[in-house]
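A quick write-up on the structure given underneath.
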Amino acid sequence: GSTLFEAAAWGIPSIIIPIPEEISHDQRSNAYAVAREGAGVVIEEANLSDDILIAQIEELLSDQSRYNKMVHKAKKFSPRDAAEKIGRELIHIGLSHE
């Protein structure tokens with residue numbers, strides 16, 4: 001999960017191959033959340049082949065418009081001020097219980 005959010009914070013479009021759901025449901029859920037937002041694409045491990053991976057990489061790198069949209073979507077998916085917003089909300093909640 002954290003690698004996906006780190007890539008998104010830097011605006012790096014992702015090609016995500018999640019480990020099987022029976023091993024980690026969260027990883028698969030996070031992968032599809034990134035894909036739904038347009039910040040990456042998911043290739044299921046069962047569907048993975050050299051040809052599919054290479055085609056996906058070439059498609060992403062050859063379409064500058066799509067790549068730029070994915071960069072924008074990735075940054076939007078993981079706003080840089082998220083930690084500050086969470087911290088402020090926690091302080092607000094704490095102060096409201098004084």
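What you see is a predicted model, and the numbers here were worked out from it, not measured in a lab. Position 1 is the first residue of the sequence; numbering continues from there.
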- Closest non-hydrogen atom pair between Gly11 and Ala74, with its separation: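 That would be CA-CB, 4.0 Å.
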Nearest heavy-atom contact between Val42 and Ala31 is CG2-O, 3.5 Å
Paired with Phe77, the side chain to side chain contact (heavy atoms under 4.5 Å, CB included) test is passed by just one of Glu37, Met70, Arg36, namely Glu37
Could you tell me whether the side chain of Phe5 reaches within less than 4.5 Å of the side chain of Asn30, counting heavy atoms only?
yes
Are the side chains of Ile54 and Glu58 in touch, meaning some heavy atoms are under 4.5 Å apart? yes
As an exercise, state the distance from [atom1] of [X] to [atom2] of [Y], rounded to the nearest 0.5 Å.
X     : Y     : atom1 : atom2 : answer
Gln27 : Ile16 : CD    : CD1   : 9.0 Å
Asp63 : Leu61 : CG    : CG    : 10.0 Å
Ile23 : Glu45 : CD1   : CD    : 7.5 Å
Ile43 : Ile15 : CD1   : CD1   : 6.0 Å
Leu53 : Asn47 : CG    : CG    : 12.5 Å
Ile52 : Ile17 : CD1   : CD1   : 10.0 Å

Going hydrophobic residue to hydrophobic residue with side-chain gaps under 4.5 angstrom, can you get from Leu60 over to Trp10? no
Sequence neighbours excluded, the answer for salt bridge (Lys or Arg N to Asp or Glu O under 4.0 Å) partners of Glu44 is Arg28
Across all chains, not counting sequence neighbours, the side chain to side chain contact (heavy atoms under 4.5 Å, CB included) partners of Glu89 are His92, Ile93
Kindly check if the number of other-residue, nucleotide or ligand heavy atoms within 6.0 Å of CZ (Arg66) is above 12?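 Yes, enclosed.
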